[in-house]
Novice: 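I have a structure I would like to understand better, so I am pasting it below and will then ask my questions one at a time.
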Amino acid sequence: MLSNRSRPVVEATLPVIGENIGEIARRFYGHMFGAHPELIDGIFNRGNQAEGTQQVALAGSVASFATALVKNPEQLPEQLLSRIAHKHASLGIRPDQYQVVHDNLFWAIVDVLGDAVTPEVAEAWDEVYWLMAYALIHQERGLYSARGVRAETVWRQWEVVEKVQETDDVMTFRVKRVDNRLVRTSLPGQYVTVKVQMPDGVHQPRQYSLTRADDGEHRQFSVKRVHGGGTPDGEVSNLLCQTTDVGDVLTLSLPFGDVVLDDSGRPIVFVSGGIGITPMAGMLSHLVAAGSRLPIRLLHADVDEPSMALRSQVLADVKALEDGAAYVWFENGADATMPFAGVFAGWIDFDAVELPEKALYYLCGPLPFMQAARSALIDRGVAPRDIQYELFGPDLWAADLLTETSPGADGRSASAAAAGVR
Ligand SMILES: Cc1cc2nc3c(=O)[nH]c(=O)nc-3n(C[C@H](O)[C@H](O)[C@H](O)COP(=O)(O)OP(=O)(O)OC[C@H]3O[C@@H](n4cnc5c(N)ncnc54)[C@H](O)[C@@H]3O)c2cc1C
Ligand code: HEM
């Protein structure tokens with residue numbers, strides 16, 4: 001809980017910290033990597049640093065955590081931290097590294113705000129930082145111990161036994177364990193971090209969703225090559241798709257991720273765009289393995305049928321379910337050779353299909369796609385708590401969602417219309 005002494009100080013300085021947190025985050029990372037270049041080797045994602053997305057996610061998380069604390073100082077808003085804790089654990093972040101982040105973050109706060117950081121202000125924000133840090137350390141310790149590992153031992157070696165060209169741009173990798181150690185089970189929807197060495201010698205980690213239920217021997221994930229288009233091509237996705245081959249050994253973390261299938265027995269609707277099909281494929285595969293009898297719907301948007309990754313697998317899984325159906329929307333027109341339950345042109349239209357009552361919704365795809373889909377669902381009366389989303393990058397959305405007030409507000413309808421989802 002936030003102390004009575006710090007609360008008014010944090011409340012009074014939240015606007016100035018909030019206004020400057022983006023610049024603070026930028027200077028923080030620059031300063032930290034200057035002092036600790038080892039953190040960019042195998043821990044931080046330099047693509048996200050170059051794009052500035054990680055800086056925005058960090059800023060958003062600190063601002064939303066502090067806002068929640070000020071509103072309700074008695075209660076730690078721990079639920080805001082679950083996604084971060086899973087991401088940290090998938091990278092093997094250690095408790096002692098929180099001091100390094102602290103020191104560099106506070107250097108950046110003083111660098112940006114100067115004399116405005118009186119000892120009283122520094123003390124109050126120090127308290128916020130350590131509340132957040134200990135909450136994260138605690139959650140991460142729980143994640144490590146549930147898997148019987150330490151931060152240093154989340155990594156395992158896996159041999160590539162199959163590499164399948166799914167589409168022009170997507171490759172599916174099937175990897176097999178190389179030792180006799182127990183393969184830790186994954187929950188449906190989770191991802192692994194894949195760590196590879198780049199040609200300049202630096203190791204780079206990236207997350208990939210698992211696309212098949214566990215069999216105790218293998219893991220499967222699919223990678224879409226990122227084309228730069230004005231910026232550099234994505235380094236890890238291109239390396240994996242172009243260079244990694246059958247027989248190569250890859251370093252993967254254990255599975256983590258907090259967007260997982262709910263087992264409350266409610267119907268499920270998956271809504272995906274493009275490569276966002278991957279966690280849906282993983283969850284569908286688990287549902288088939290579990291012999292689910294629930295109504296399950298997959299609504300997927302893509303450019304056209306040949307661009308849709310994992311289409312054979314997901315269609316076979318949907319058909320294997322007692323009450324499953326897959327509907328697709330293709331930008332290039334309603335042409336498909338495979339037996340989907342419905343094929344439409346354009347963007348996803350929730351009015352075009354009958355959706356099961358009391359369903360839980362899982363979204364994955366580009367951020368504007370998910371924002372539009374979520375808005376359209378809320379406009380149709382779906383409760384926000386029944387919609388979960390997975391993002392393929394640092395979360396730039398969570399802080400915005402926290403400030404939302406009235407479901408069905410105009411802003412959301414407008415974004416739905418703008419992205420063409422009805
Ligand atoms: C939970 C989670 C699950 C995921 N699951 C999947 C999955 O199943 N399948 C999948 O394909 N992906 C998935 N991803 C995304 C994946 O982790 C990678 O982000 C993706 O493969 C791109 O990595 P990259 O190294 O190829 O691109 P990066 O090299 O990291 O580049 C990313 C972007 O940054 C830009 N950039 C790079 N350098 C600069 C620069 N100097 N200036 C400006 N811009 C720059 C690039 O042009 C590119 O647009 C997932 C991500 C998360 C977080
Ligand atoms: C209170 C302290 C911290 C906060 C508030 C914080 C916050 C965050 C947030 C918001 C993300 C993005 C999560 C997402 O949306 O996927 C993130 C990712 C990450 N954090 Fe932290 N973090 C903290 C401490 C640390 C520490 C101590 C380290 C280790 C040096 C660390 C390393 C990372 C890395 C490597 C990522 C992934 C970056 C990327 O993919 O670009 N963090 N953190």
Side-chain angles (χ1 to χ4, degrees), residues 1-35 48-49 52-85 87-88 93 95-140 371 384 394-407 409-412:
M1 86 169 68
L2 187 62
S3 66
N4 289 338
R5 183 184 154 111
S6 293
R7 185 186 174 185
V9 183
V10 171
E11 195 164 17
T13 49
L14 237 178
V16 68
I17 294 275
E19 255 166 54
N20 290 282
I21 190 81
E23 182 56 24
I24 292 170
R26 267 189 295 282
R27 291 199 206 174
F28 152 67
Y29 282 115
H31 194 256
M32 185 168 73
F33 294 138
N48 290 341
Q49 290 295 322
T53 45
Q54 175 57 25
Q55 292 85 328
V56 176
L58 176 76
S61 76
V62 173
S64 55
F65 188 87
T67 306
L69 261 186
V70 163
K71 271 194 200 148
N72 193 352
E74 303 298 318
Q75 208 183 341
L76 264 189
E78 292 196 77
Q79 76 289 354
L80 295 181
L81 303 177
S82 162
R83 178 183 160 97
I84 307 173
K87 179 72 81 66
H88 281 171
I93 301 302
D96 61 283
Q97 291 171 319
Y98 280 83
Q99 186 68 49
V100 174
V101 164
H102 168 274
D103 296 351
N104 287 280
L105 190 57
F106 279 74
W107 172 89
I109 292 176
V110 172
D111 199 42
V112 173
L113 299 181
D115 291 344
V117 191
T118 61
E120 197 190 23
V121 170
E123 207 179 295
W125 280 92
D126 198 67
E127 193 181 329
V128 172
Y129 176 85
W130 285 112
L131 281 173
M132 210 171 174
Y134 282 125
L136 281 167
I137 291 170
H138 176 72
Q139 287 192 24
E140 287 153 26
Q371 285 170 324
D395 191 350
L396 309 180
W397 196 13
D400 292 351
L401 285 180
L402 199 73
T403 59
E404 262 181 20
T405 45
S406 52
D410 285 342
R412 257 175 280 141

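The analysis underlying the following values was restricted to heavy atoms, covering all of them including side chains, and did not include hydrogens, waters or symmetry mates.
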Novice: Hey, does the side chain of Ser61 reach the backbone of Leu58 with a donor-acceptor pair shorter than 3.5 angstrom?
Specialist: yes
Novice: Do His102 and Phe106 pass the ring-ring contact (aromatic ring centres under 6.0 Å, His included) test, and can you show the C-alpha distance, the side-chain angles, and the key distance before you say yes or no?
Specialist: CA-CA 6 Å; His102 168 274; Phe106 279 74; 4.6 Å; yes
Novice: Is any side-chain heavy atom of Leu113 closer than 4.5 Å to a side-chain heavy atom of Ile17?
Specialist: yes
Novice: With a 4.5 Å heavy-atom cut-off, do Trp125 and Val9 have their side chains touching?
Specialist: no
Novice: I'd like to know if the side chain of Gln139 and the backbone of Ile84 have a donor-acceptor N/O pair within less than 3.5 Å.
Specialist: no
Novice: Thinking salt bridges, do Glu123 and Arg5 make one under a 4.0 Å N-O criterion?
Specialist: yes
Novice: Whether the side chain of Asn104 engages the backbone of Val100 through a donor-acceptor N/O pair (distance < 3.5 Å, no angle test) should be reported.
Specialist: yes
Novice: Show the nearest heavy-atom pair for residues Ala57 and Leu396, with the distance to one decimal.
Specialist: N-CD2, 4.0 Å
Novice: Flag yes if more than 12 heavy atoms outside Asn4 fall under 6.0 Å of its CG atom; otherwise flag no.
Specialist: no
Novice: Atom OG1 in Thr67, atom CD in Glu11: separation rounded to 0.5 Å?
Specialist: 10.0 Å
Novice: Taking all atoms of both residues into account, what is the closest heavy-atom pair of Ala66 and Val128, and its distance?
Specialist: CB-CG1, 4.3 Å
Novice: Find the distance between OH (Tyr134) and CG (Leu76) and round it off to the nearest 0.5 Å.
Specialist: 13.0 Å
Novice: At what distance, to the nearest 0.5 angstrom, does CD1 of Ile24 lie from CD of Gln55?
Specialist: 13.5 Å
Novice: If every non-hydrogen atom of Tyr98 is compared with every non-hydrogen atom of Leu136, which pair is closest and at what distance?
Specialist: OH-CB, 3.3 Å
Novice: Would you compute the distance between atom CZ of Arg26 and atom CD1 of Ile21 and round it to the nearest 0.5 angstrom?
Specialist: 11.0 Å
Novice: Where do Leu2 and Arg7 come nearest, in terms of heavy atoms and distance?
Specialist: CD2-CA, 3.8 Å
Novice: Testing the basics here: between Gln75 and Leu69, what is the closest heavy-atom pair and its distance to 0.1 Å?
Specialist: O-CD2, 4.0 Å
Novice: What closest approach, in Å, do Gln54 and Gln49 show between heavy atoms, and which atom pair accounts for it?
Specialist: CG-NE2, 3.7 Å
Novice: Nearest 0.5 Å please: distance from the CE atom of Met132 over to the CG atom of Leu80.
Specialist: 7.5 Å
Novice: Atom CD1 of Ile137 and atom CD1 of Ile93: how far apart are they, to the nearest 0.5 Å?
Specialist: 11.0 Å
Novice: Using modelled atom types only, decide if a donor and an acceptor are shared between the side chain of Glu127 and the backbone of Ser3 within a distance under 3.5 Å.
Specialist: yes
Novice: Does the Asp111 side chain pair with the main chain of Trp107, one donor and one acceptor, at a distance under 3.5 Å?
Specialist: no
